[in-house]
Each structure stands twice: as structure tokens, then as C-alpha cells.
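Heads up: the structure comes next, in C-alpha cells.
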Amino acid sequence: MGIFDELKAKCENCTACSLYKTRTNCVFGTGNENADVLFVGEAPGEKEDLSGIPFVGAAGKLLDKFLYAVDIDRERVYIANILKCRPPKNRDPLPEEEEACLPFLREQVKIMQPKIIICLGRISAMKLIKPDFKITKEHGQWFKKGNYLMTAVYHPAALLRDPRKKEDMLIDMQNIKAKLDELSINN
Ligand code: URA
């Protein structure tokens, strides 16, 4: 078993917070384990919990459209979440759930060594970029943290609630694609 599969197996048996009691599946992540580009969302929703795959519900379908629009291949990037288990009724993650779950994401990053990390939404950006991240003001900006170049875009679920944000999302995604081209990251 590879190191990524070992971590996944550990995640599937995790009982570090109470969300294990209500999960159908642990949603570890999907895509290319050697990717240079890592997308990080918030937490699995219902469809993700049922399938074990991140971003397969309505928000995921919209994310796919934006990836397609800027010619980023979903199969060549990696997609994960801050939380690997679904919070009941999709409520925001609790701080203790984030702390319990973050070691998995940290290990994923350590193994993958992506060049670029893209936070999907405010919760992920506040956890990974800075605690006072303001998504409406700071989406699309680049932050250098250690070895990683990081940015955040609107969460696709926020675009479903407020379609006027889609224009900004397309610009951010186009800029991300331009950055990948500039760095010769092949997606
Ligand atoms: N929203 C997220 O943040 N992650 C998913 O996997 C699905 C919806």
C-alpha cells in the first residue's frame, strides 16, 4: 500500500471528532496524487458523504464548469476538503472538528508537495491562508506561504446562492490558469 493509501485508510477509520458517528463515507480527496495544484474546499455535503468523492453535488458541478471554462483538467489536479466527514445538515465546521481533521490535509500536502493551493471559499481561506481572510475583498489575490503559492476563490455554493459573483469567479479562474501557464504547470 502506498503512503497516500495508508493515510486514506487511517482517515477512513478516524474517530478524532464526533463526525465519524454520522458519516456514510470519509471523503479523503480525489484526483492526481502527484498534482502541482491542490483545491481545498470546506467539508463534504450529502452527495459527497454518500459517494466518498468531493465536489460531486450541485456545487461540484458548477466547479467543474469553471474548470472546463479555463481548461483545467479535474483529473490532473487534486481536490480535497478541510473536513473529511460531513457536518450534520451541512453546518459550518466547528473549530474542534477543523483541528481534529487538519492533520490529514497537512499530511496530504506534505506528500503531494503541490506548487499552488487554491482555497474554495472563506472557511478554507481562513484556515489555510490567514484567520482574518475576507473573501469578498481578497479573492483572487496571491499569497506566498512557505513553499506554496496560495489563493482563494468564491466557494461554488456561494455562486449558486448569488450568481452575480460568477463574473469574479471566472476572472479569478482565468488568472489562476494564467499563473499555471506562467509557471509551466501542466494541467
Ligand atoms: N462543498 C465543499 O466544500 N466540499 C465538497 O466536497 C462539496 C461541497
Side-chain angles (χ1 to χ4, degrees), residues 4 7-8 11-12 14 19 22-93 97-98 101-102 104-109 111-112 114 116-129 133 135 139-140 148 150-163 165-166 168-177 180 185 187:
F4 225 74
L7 188 65
K8 187 170 181 211
C11 192
E12 281 161 357
C14 179
L19 294 181
T22 47
R23 75 175 168 228
T24 313
N25 285 294
C26 152
V27 182
F28 183 69
T30 188
N32 172 9
E33 294 164 10
N34 299 307
D36 284 331
V37 183
L38 169 64
F39 286 85
V40 182
E42 180 182 324
E46 185 185 18
K47 290 254 166 45
E48 291 77 20
D49 173 66
L50 291 173
S51 65
I53 304 166
F55 284 99
V56 290
K61 294 214 161 64
L62 185 53
L63 175 64
D64 288 350
K65 282 189 188 168
F66 280 99
L67 292 173
Y68 183 79
V70 301
D71 201 20
I72 293 177
D73 185 348
R74 180 170 163 139
E75 302 304 314
R76 294 183 79 155
V77 301
Y78 197 81
I79 304 178
N81 283 305
I82 300 281
L83 292 195
K84 308 308 193 210
C85 296
R86 182 193 182 199
K89 297 185 184 148
N90 299 346
R91 62 155 169 73
D92 283 356
E97 292 162 354
E98 291 180 340
C101 211
L102 266 174
F104 285 110
L105 184 64
R106 287 202 191 97
E107 278 301 305
Q108 285 173 305
V109 170
I111 298 166
M112 280 178 59
I116 291 190
I117 300 176
I118 299 154
C119 300
L120 293 165
R122 175 183 66 93
I123 301 257
S124 169
M126 287 170 69
K127 208 67 221 170
L128 302 185
I129 299 178
F133 194 91
I135 193 79
H139 67 86
Y148 311 109
M150 305 187 67
T151 189
V153 297
Y154 283 119
H155 193 290
L159 306 175
L160 291 172
R161 287 192 296 271
D162 181 2
K165 293 192 168 91
K166 285 185 184 175
D168 280 352
M169 177 68 164
L170 184 59
I171 293 169
D172 289 347
M173 293 295 290
Q174 284 166 338
N175 286 334
I176 288 167
K177 174 64 178 171
L180 302 188
I185 292 173
N187 288 275

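As a basis for the values below, the full set of heavy atoms in this structure was taken, side chains included, without hydrogen atoms, waters or symmetry mates. Computed from a prediction, not measured in an experiment: that's the story for all the values here.
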> Thinking salt bridges, do R122 and D92 make one under a 4.0 Å N-O criterion?
Replying inline: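 D92 and R122: salt-bridged.
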>> Between K165 and D168 (salt bridge meaning N to carboxylate O under 4.0 Å), is one present in this structure?
In response: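 D168 and K165: not salt-bridged.
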> So, Y78 versus F4, ring centres under 6.0 angstrom or not?
Replying inline: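 Ring centres of F4 and Y78 closer than 6.0 Å.
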> Ring centres of H139 and F133 under 6.0 Å apart?
Replying inline: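 No; F133 has its ring centre 6.0 Å or more from that of H139.
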>> Checking Q108 against K84: is there a side-chain donor and acceptor pair closer than 3.5 Å?
In response: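 Yes, because at least one side-chain N or O of K84 sits under 3.5 Å from a partner of the opposite role on Q108.
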> Which of these, E97, E98, E42, sits in a side chain to side chain contact (heavy atoms under 4.5 Å, CB included) with I82?
Replying inline: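 Among E97, E98, E42, the one meeting side chain to side chain contact (heavy atoms under 4.5 Å, CB included) with I82 is E98.
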> What residues, two or more places apart in sequence or in another chain, satisfy side-chain contact (heavy atoms from CB on, under 4.5 Å) together with R161?
Replying inline: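 R161: side-chain contact (heavy atoms from CB on, under 4.5 Å) contacts with A157, A158.
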>> My understanding is that only residues two or more places apart in sequence, or in another chain, count here; which of them pass side-chain contact (heavy atoms from CB on, under 4.5 Å) with D64?
In response: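 Partners of D64 under the side-chain contact (heavy atoms from CB on, under 4.5 Å) test: L67, R74.
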> Atom CG of L7 and atom CG of L105: how far apart are they, to the nearest 0.5 Å?
Replying inline: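 Rounded to the nearest 0.5 Å, the CG-CG separation comes out at 10.0 Å.
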> Under 4.5 Å between any side-chain heavy atoms of S124 and V40, yes or no?
Replying inline: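 S124 vs V40: side chains touch.
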>> Would you say that D172 contacts F66 through its side chain, given a criterion of any heavy-atom pair below 4.5 Å between the two side chains?
In response: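 The answer is no; the side chains never approach within 4.5 Å.
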>> Can you pull out every side chain to side chain donor-acceptor pair (under 3.5 Å) where at least one residue sits in residues 43-59? Sequence neighbours excluded, please.
In response: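 Side chain to side chain donor-acceptor pair (under 3.5 Å) check on residues 43-59 returns T24-D49.
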